[in-house]
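What follows is a set of notes on a single structure, which appears directly below.
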Number of protein chains: 2
Amino acid sequence: MALCYKRLALQAVLRQMSEGSVYTMRDVARLARVSVATVSAVVNEKKGVRPVLVKRVQDAMKALDYHPDHVARSLKVRRTTTIGVVIPDFASGFFMEVVRGVEDVARTAGYSVLLCNSNDDVSQEQRHLSVLFSRRVDGILLATTDPYSVARRQYRPNLPIVLFDRIPPGHQGPAVVVDNKSAAYEATKYLISLGHRQIAFIAGRLDLSTGMDRADGFRKAMEDAHLTVRADYLKHGDFKAASGYEAGLELLKLSDRPTAIFSSNSQMTVGLLKAMQELGSHCPEDVSVFGFDDLVPGTEGFSFGALLKPELTVIAQPGYQIGHQAAEMLLKLLAEPSDGKSQPDEGVVTLKAELCIRNSVAPPHSANS
Amino acid sequence: MALCYKRLALQAVLRQMSEGSVYTMRDVARLARVSVATVSAVVNEKKGVRPVLVKRVQDAMKALDYHPDHVARSLKVRRTTTIGVVIPDFASGFFMEVVRGVEDVARTAGYSVLLCNSNDDVSQEQRHLSVLFSRRVDGILLATTDPYSVARRQYRPNLPIVLFDRIPPGHQGPAVVVDNKSAAYEATKYLISLGHRQIAFIAGRLDLSTGMDRADGFRKAMEDAHLTVRADYLKHGDFKAASGYEAGLELLKLSDRPTAIFSSNSQMTVGLLKAMQELGSHCPEDVSVFGFDDLVPGTEGFSFGALLKPELTVIAQPGYQIGHQAAEMLLKLLAEPSDGKSQPDEGVVTLKAELCIRNSVAPPHSANS
DNA sequence: CTGAAAGCGCTTACAG
DNA sequence: CTGAAAGCGCTTACAG
């Protein structure tokens, strides 16, 4: 009898549905014979609802395969539980590692992530930020291509933005970066300690903190060792493989070739290695190569770097950690009352990069140390 | 005078704003002295609005730095211009290539992408699908970990789901896959043509179409050549590096070692190479290695594969193309009236994988062909 | 061509 | 403890 009644109620509700539509809280409420407020309370696991009603609501939800409309909820509560992540390059192993770190903490906290590709282009970055803003994301994780974008535009009061990888000069807001300067310094010092004097440097984009800091670290190490940097050993790349390739060709064709080359990022290192391959230069026999970033992050403890010919000596950045930390920082910012009062976690977190010595670097043949 | 009036109006609107809030269409309407309907028309570039009003509205929007609330719009129009993408592995170069292809077409079409990681776990996949549904994405791109998930549950009438990479047996709906069976067949045939008879195979997950099809292709090629597959040459992996490593160790320790090993995906190949490295086995001198997928996709025409020791002979899947095609298929589905009437583009699109011959495969030393 | 009003599906004070 | 009602910020018939 009761069962029969229930089935009839269900059918009544089912029948009222228009084709292609989806059940709403009202349908559930009707079927469970409660108010929508009660359904809402059950959905949001608020306590204080009579167990009988909870059961009835749950049954109704199941019967209708009800999925609460997160869009409507977002509009009402003015939070989307979504974060935007914009990175400059989808093909980069490093940035994908970062994204992996971000996703892990986001998912755990119940956030979804909207992933955007700026292609290292300022206007695309601006457009994406604008879209993310319109979509009312709760916060943004940004590897900015434009050192001034963030300062230039305050997107929304109380819209937290955590920068990572790159920061504008003098940036004070929340950010997670790697100590590029000292990493490059250590790398260069290592080359010098091995006896290298003729060290070439392939710089990345100097308008980005990463490119500039790495160049600074290199320069400082050379200075500290009282070595001069020859102009023709200094190549200006743009972080892409092609520029590393060009730089490599030029350096290797020099009559007075460098004994070691330090490349500012992995893409350019790939280009450099390709140039060497074409010209028949071997490494480290003919020239030592020091890279920044593994060409591709390892898998579950299996390093690709070790499978390369040669195994590349590099500065390894903790990509996953960067993403993880940045996401945690962002979520903490979101959890805060954000009355503008306490901002304990603002500030730049600097992670250490690791000197990863393998065997693409050897002492120069004519070691004069 | 007029200017003065405008400034006063702006200040009036500005003053009414509560802290930390954001301007709405009403604010813009008030400032521009029009109705919200007119503002909406201007925002959505509907024609028929008097140019004077358009100008006034645009000025007001600029003055307030107004960003239309996409959440509210989504609720009203019942479309989010968002697609969900769920992949099983964020660390996989192949899947990241796919995502790059997806993002390119999504961005161009004005869609945002919600990226989800199922970690190759059925229940996580289900949870993500449920979340995507609640978030009312317009469509889903899914590399399913559960061959039956899609059939088991019809998420929403008219919620298009395009599968990629893996499909349930007998699947008829929209999907983009690679012809794994014939690719594996060709690869095996190539090994045989070189004189290999003792060929080992490291299988992937056989509950997924990719794993099964590759195994089928291998098996068929062996059969067609009237070669038997020794049981101890058949290893059952799970697509992860560790399983390739284990399989590699076992195969290499066999007293009667295979002359060639065919590995079903890149992660397992990494594991295999690691095992070989540890045991001092060289390739192709000691044993030939044929891989499925490049270990990592190339960058801008610079192939990493060519930098490996040895350069790996593989089946290369067109990851970017898969993502691109799948996204286009999904968007086409979204554009259709979807009256349930015409479904011209339903169906499985099969892409060809490329046999990429480098030098990790050589004739066996004791060629008996 | 433009404005007033209803409503998308929720949540949340506010009464009872 | 539960229900009726207002409202989040838009869009869209519907009048004028």
Side-chain angles (χ1 to χ4, degrees), chain A residues 13 16-18 20-57 60-61 64-82 133-138 156, chain B residues 13 16-18 20-57 60-61 64-82 133-138 156:
Chain A
V13 172
Q16 285 170 23
M17 290 304 300
S18 55
S21 190
V22 104
Y23 294 101
T24 73
M25 217 168 234
R26 281 187 63 229
D27 300 313
V28 177
R30 192 152 43 203
L31 184 57
R33 287 163 288 140
V34 297
S35 72
V36 290
T38 303
V39 177
S40 175
V42 172
V43 166
N44 295 301
E45 290 171 319
K46 298 230 165 94
K47 53 189 177 235
V49 183
R50 237 187 318 157
V52 209
L53 294 196
V54 173
K55 176 88 170 71
R56 237 156 67 197
V57 169
M61 293 201 296
L64 299 180
D65 191 25
Y66 169 69
H67 288 249
D69 188 325
H70 191 270
V71 175
R73 167 170 233 283
S74 294
L75 176 60
K76 183 62 192 173
V77 304
R78 315 181 67 71
R79 290 181 349 106
T80 52
T81 24
T82 305
F133 178 54
S134 260
R135 287 175 178 271
R136 299 299 189 258
V137 293
D138 295 337
R156 179 164 56 160
Chain B
V13 172
Q16 285 171 26
M17 292 301 302
S18 56
S21 191
V22 104
Y23 294 101
T24 73
M25 215 167 239
R26 281 188 64 230
D27 300 313
V28 176
R30 192 154 40 204
L31 184 57
R33 286 162 289 140
V34 297
S35 73
V36 291
T38 304
V39 177
S40 175
V42 172
V43 166
N44 295 302
E45 291 171 320
K46 299 229 165 97
K47 54 188 174 232
V49 183
R50 236 187 319 157
V52 209
L53 295 196
V54 172
K55 176 87 171 71
R56 235 154 70 195
V57 169
M61 292 201 296
L64 299 180
D65 190 25
Y66 169 69
H67 288 248
D69 188 324
H70 191 271
V71 175
R73 166 169 235 283
S74 295
L75 176 59
K76 182 62 191 175
V77 303
R78 315 183 66 71
R79 287 176 357 102
T80 53
T81 25
T82 306
F133 178 54
S134 260
R135 287 174 178 271
R136 299 299 188 260
V137 293
D138 295 337
R156 177 162 58 156

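Here the structure is a predicted model, which is why all the values come from computation and not from measurement. In what follows, every chain begins at residue 1, and chains take the letters A, B, ... in the order their sequences are listed.
- Atoms NZ and CG, on K47(A) and N44(A) in that order, are 13.5 Å from each other to the nearest 0.5 Å.
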Give the intermediate values and the outcome of side-chain contact (heavy atoms from CB on, under 4.5 Å) for residues V34(A) and V39(A). CA-CA 7 Å; V34(A) 297; V39(A) 177; 3.8 Å; yes

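- Pairing analysis of DNA chain C (Watson-Crick: purine N1 to pyrimidine N3 plus N6-O4 or O6-N4; G-U wobble: N1-O2 and O6-N3; both under 3.5 Å) yields stems of 3 or more pairs at C:1-3 with D:14-16, C:5-12 with D:5-12, C:14-16 with D:1-3.
- Between R56(B) atom CZ and L31(B) atom CG the span is 10.0 Å, to the nearest 0.5 Å.
- Here the OG1-CE distance, from T38(A) to M25(A), works out to 10.0 Å after rounding to the nearest 0.5 Å.
- In this structure, a donor-acceptor pair under 3.5 Å is absent between the side chains of R73(A) and S134(B).
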Output one letter per nucleotide in nucleotides 7-14 of chain C: B when a protein non-hydrogen atom lies under 4.0 Å from the base, S when only the sugar-phosphate is that close, - when neither is. BBBBBB--

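- Geometrically, R136(B) engages F133(B) in a cation-pi contact defined by less than 6.0 Å to the ring centre and at most 45° from the axis.
- For R135(A) (side chain) and H70(B) (main-chain N/O), no donor-acceptor pair under 3.5 Å exists by modelled atom type.
- Between the side chain of T80(A) and the main chain of S74(A), no donor-acceptor pair closer than 3.5 Å is present.
- At dC1(C), none of the side-chain N or O atoms of T38(B) fall inside 4.0 Å of OP1 or OP2 (strictly under the cut-off).
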